[in-house]
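Each remark here refers to the structure printed beneath this line.
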Amino acid sequence: MIIELRKTYKFRLYENDANVHLHQQIDVAGLVWNHALGLARRYYRLYRKSINFNHLQKHIAKLRKSSERFCHYQVLGSQAVQDVIQRLEKAYQRFF
């Protein structure tokens, strides 16, 4: 029998000059999540099947590189963007 033990910690982030960059990254991660979720919902509504999340990652990466409208996505690192997309994929898999 294997028992999995998880510990969680809560930290309060106070707004000061040192945490401004961290707050920006959290905000951009939320924007990436919402954009990817909206794109997945729109794709399902149009084609009645779920989007391949590899294509979704490529789409977000292309937006980060080429579009001036999404240039603020550059604040977040590429691995963090991939992690956001992977968490969205896991959420869809667990829901369905």
Side-chain angles (χ1 to χ4, degrees):
M1 176 191 267
I2 298 174
I3 297 174
E4 186 176 325
L5 181 65
R6 293 185 186 183
K7 290 184 178 182
T8 59
Y9 299 98
K10 272 189 174 180
F11 295 100
R12 183 167 175 91
L13 291 176
Y14 295 100
E15 274 201 49
N16 58 20
D17 294 337
N19 290 336
V20 169
H21 188 68
L22 184 60
H23 284 284
Q24 288 175 347
Q25 288 180 339
I26 291 170
D27 290 341
V28 170
L31 291 174
V32 169
W33 173 276
N34 289 335
H35 182 81
L37 181 62
L39 192 60
R41 291 177 72 188
R42 193 174 321 122
Y43 188 86
Y44 182 78
R45 191 176 38 209
L46 291 174
Y47 301 111
R48 293 290 180 210
K49 56 184 176 179
S50 63
I51 191 170
N52 184 348
F53 282 91
N54 291 328
H55 292 294
L56 189 58
Q57 284 181 345
K58 289 177 186 177
H59 174 75
I60 298 291
K62 187 170 64 172
L63 284 179
R64 290 180 72 219
K65 289 180 186 175
S66 63
S67 178
E68 285 189 26
R69 181 176 171 207
F70 298 102
C71 65
H72 57 279
Y73 284 7
Q74 293 290 334
V75 172
L76 202 59
S78 62
Q79 301 245 329
V81 171
Q82 287 179 357
D83 187 48
V84 169
I85 301 298
Q86 287 173 352
R87 278 186 275 141
L88 181 64
E89 177 182 9
K90 285 181 184 179
Y92 264 102
Q93 287 176 353
R94 289 179 181 163
F95 184 75
F96 294 111

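Residues Ala36 and Leu88 approach most closely at CB-CD2, 3.6 Å, considering heavy atoms.
A single hydrophobic cluster is not seen to contain both Leu37 and Tyr44; linkage of ILVMFWY side chains at heavy-atom distances under 4.5 Å, directly or through other members, places them apart. By the rule that hydrophobic residues join a cluster once side-chain heavy atoms approach within less than 4.5 Å of another member, Val20 and Val75 end up as members of separate clusters.
The NE2 atom of His35 lies 10.5 Å from the CG atom of Leu31; values are rounded to the nearest 0.5 Å. A distance of 11.0 Å separates NE2 in His21 from CD1 in Ile26, rounded to the nearest 0.5 Å.
Counting heavy-atom neighbours within 6.0 Å of Gln79 CD, excluding the residue itself, gives a total of 12 or less.
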Extract all donor-acceptor atom pairs below 3.5 Å that involve side chains of residues 64-74 and protein atoms in other chains or at least two apart in sequence.
residue: Arg64; atom: NE; partner: Tyr73; partner atom: O; Å: 3.3
residue: Arg64; atom: NH2; partner: Leu76; partner atom: O; Å: 2.7
residue: Ser66; atom: OG; partner: Lys62; partner atom: O; Å: 2.8
residue: Ser67; atom: OG; partner: Arg69; partner atom: N; Å: 3.2
residue: Gln74; atom: NE2; partner: Arg64; partner atom: O; Å: 2.6

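Applying the salt bridge (charged side-chain N to carboxylate O under 4.0 Å, His left out) rule to pairs touching residues 75-95 yields Asp83-Arg87, sequence neighbours excluded.
Using a 4.5 Å heavy-atom threshold, the side chains of Tyr43 and Leu39 count as separate.
Of the listed residues (Val28, Val32, Leu63), just one forms a side-chain contact (heavy atoms from CB on, under 4.5 Å) with Val81, and that residue is Val32.
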